[in-house]
Amino acid sequence: MATMAKHAVLSAGAAAWASLACARSQLRLDLTLGCGQTFRWRETGDGHWTGVMGGRVWTLTQTDDRLWYHAYGAHPDVHTEEDNREGKGKACGSVQQLNKSEIKRRKVNVKAEERDEPVTVAVKREAEEDMLVDYFQLHVDLEGLYREWSLADPHFKHIANIFTGIRMLRQDPTECLFSFICTSNNHISRIQGMVENLCRSLGRPLWELDGTTYYDFPPLSALADGKVESLLRDLGFGYRARFLQQSAKQILENHGPDWLQGLRSTPYLQARDALRSLPGVGIKVADCACLMSLDKADAVPVDTHVWQIAKRDYKCAAGSAQKTLTDKVHRDIGDFFRQLWGPYAGWAQSVLFCADLKKFQKLKEMLSVKLEDDNKDSLPIKKAKIKMEKQETVNKTEKPRSVRHKKAKLAAQKK
DNA sequence: CAACGACCTCG
DNA sequence: GAGGTCGTT
């Protein structure tokens, strides 16, 4: 075996790292990567997070005003001397190719002379920076959004004092959808292991660090294979094994490999209903995929937990009469939060969701014990409630969305 | 539209 | 029971 490569550590020297300007108010790695929107990152060192993104292995960490990153291995098509020297790591298989014209465009635009470095290094750095900006959606001013949400919602403002920098990732649609199919009737700790097993057994190996091999998320073609259900059942996926294989197969047969990606430019409700035609994808999972990978910032995934938050912290009447989380309750709670928080309601919801996770309760104890205002409704909250009451009568005319017909196939196979 | 049982497994 | 979905009543 070759020399064992180790996870990069910033304190060991910044030479192997690059960084971009990013205040903690714009991004908190620990909360953003640990709040359950992705299951692919682990804290591999103090404040250092390692995971797979865009077909590469990364370690990330941050200081007060910068986000530091190290991407392992050569960037596709851009080989530098540095990469060759740094080749202690074990590359596994081939890496995905970057569009050649894109490389050329970057080479032209980069001002390498200013940095006094080879053009190839600058090109590599810029490509990596672009990937991070896209993945973390750093063009979105989170601080500004927090200000707006706090203005409309005193409870949010209260929570936001501690839970800063929680932003929505822009994940790969396949990874996001199939990860969330695994979440049904399941805890977060187990889901992590399942997604890891999914990647290890069906994904392409990318890189090895400290004895851990990192794998890419499997492509649809691998998930759709007929042997996948029994394979995953053996790995403890339970009834979700069939959902995963059948959904992948159905996407490829009925739509094609680029279909999920294409839903990014489809309107929210239309994209959500399209996803719901897949086995194992109900309204909650579809909303997660919409919010976290398909650019639908107003999608609000409502689970039992969010339902509790709506009732407990907002005295939201929607669905309080029902005992179960029906489609109508989903819609009403989602509409309530959209009315309150606006077009990025899904982002705001993730902040409150994160603040309620058991693993982050230590942080919450730092909140001042009580504010007088907490039990009073702000004007915007009142408006949201009034609006809900009005829609109570108006909504009856809305046509129910029926997406059941396509799912019949699966039941028929169920022996 | 609402409620209910079943579905797999076990961080 | 768990961050849900599906088929039936």
Side-chain angles (χ1 to χ4, degrees), chain A residues 34-39 42-43 176-198 228-247 250 272-273 275-292 299-312 318-334 346 349-360 391-393 395-415:
Chain A
C35 69
Q37 59 175 318
T38 170
F39 306 97
R42 301 285 185 280
E43 190 172 15
C176 187
L177 178 65
F178 285 80
S179 294
F180 277 92
I181 289 177
C182 298
T183 64
S184 74
N185 213 332
N186 214 343
H187 344 53
I188 196 166
S189 50
R190 186 179 164 214
I191 298 165
Q192 283 201 350
M194 288 172 61
V195 173
E196 201 174 312
N197 282 332
L198 189 63
V228 163
E229 177 178 352
S230 61
L231 171 70
L232 294 181
R233 277 195 181 266
D234 291 343
L235 285 171
F237 280 67
Y239 60 86
R240 304 169 197 84
R242 181 164 42 95
F243 289 159
L244 293 165
Q245 191 269 330
Q246 288 293 114
S247 278
Q250 203 165 301
R272 188 178 70 180
D273 284 345
L275 291 175
R276 289 190 65 183
S277 70
L278 302 168
V281 182
I283 193 166
K284 192 312 194 135
V285 170
D287 269 336
C288 285
C290 281
L291 173 65
M292 303 171 188
V300 179
V302 177
D303 54 25
T304 53
H305 203 179
V306 170
W307 192 23
Q308 301 313 318
I309 292 175
K311 288 190 287 193
R312 179 187 39 141
S320 53
Q322 282 82 353
K323 188 57 197 154
T324 57
L325 206 37
T326 61
D327 272 17
K328 176 168 161 46
V329 178
H330 274 100
R331 259 182 291 137
D332 288 349
I333 305 277
Q349 174 264 8
S350 77
V351 176
L352 293 195
F353 185 87
C354 181
D356 248 37
L357 288 177
K358 205 179 288 179
K359 64 200 279 198
F360 293 130
Q391 286 176 351
E392 204 58 28
T393 55
N395 266 346
K396 314 254 178 185
T397 60
E398 188 184 330
K399 62 169 189 273
R401 280 178 264 282
S402 179
V403 293
R404 299 282 159 179
H405 53 291
K406 279 191 179 174
K407 294 200 177 182
K409 230 195 296 181
L410 197 62
Q413 297 177 356
K414 204 179 162 188
K415 125 173 132 49

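Naming: A, B, ... by sequence-line order, numbering from 1 per chain. Atoms considered below: every heavy atom in the structure, side chains included; atoms not considered: hydrogens, waters and symmetry mates.
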>> Under the salt bridge (Lys or Arg N to Asp or Glu O under 4.0 Å) definition, can you give me all pairs with a residue in residues 176-191 of chain A, not counting sequence neighbours?
In response: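 For residues 176-191 of chain A: none.
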> Taking atom types as they are modelled, is there a donor-acceptor pair under 3.5 Å from the base of B:dC8 to the side chain of A:Arg240?
Replying inline: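 Indeed there is one.
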> If you measure from the P atom in C:dT5 to the same atom in B:dG11, how many Å do you get, rounded?
Replying inline: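 Result for the P pair: 23 Å, nearest Å.
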> Distance between the P atoms of B:dA2 and C:dG3, in whole angstroms?
Replying inline: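 My reading of the P atoms in B:dA2 and C:dG3 gives 24 Å.
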Under 4.0 angstrom, heavy atoms only, what part of the nucleic acid is [X] near: base, sugar-phosphate, or nothing?
X	result
A:Arg233	sugar-phosphate
A:Val306	nothing
A:Cys35	base

> Could you state the interatomic distance from CG (A:Asp327) to CG (A:Asp332), rounded to the nearest 0.5 Å?
Replying inline: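 Spacing of CG (A:Asp327) from CG (A:Asp332) equals 10.5 Å.
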>> By the definition salt bridge (charged side-chain N to carboxylate O under 4.0 Å, His left out), identify the one residue from A:Arg272, A:Arg276, A:Arg331 that meets it with A:Asp287.
In response: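 That would be A:Arg272; it is the only one of A:Arg272, A:Arg276, A:Arg331 passing the salt bridge (charged side-chain N to carboxylate O under 4.0 Å, His left out) with A:Asp287.
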>> Quick check for you: among B:dC8, B:dG11, B:dA2, whose closest atom lies nearest to any side-chain atom of A:Thr326?
In response: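 Looking only at side-chain atoms, A:Thr326 lies closest to B:dA2.
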> CG of A:Asn186 versus P of B:dC8: gap in Å, rounded?
Replying inline: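 About 14 Å, once rounded to whole Å.
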> Does a side-chain heavy-atom distance below 4.5 Å link A:Asn186 with A:Arg240?
Replying inline: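 Side chain of A:Asn186 against side chain of A:Arg240, heavy atoms only: contact under 4.5 Å found.
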> Can you give the dot-bracket line for DNA chain C, where a pair is Watson-Crick or G-U wobble with both atom distances under 3.5 Å, crossing pairs use [ ], and | marks a partner on another strand?
Replying inline: ||.||||||
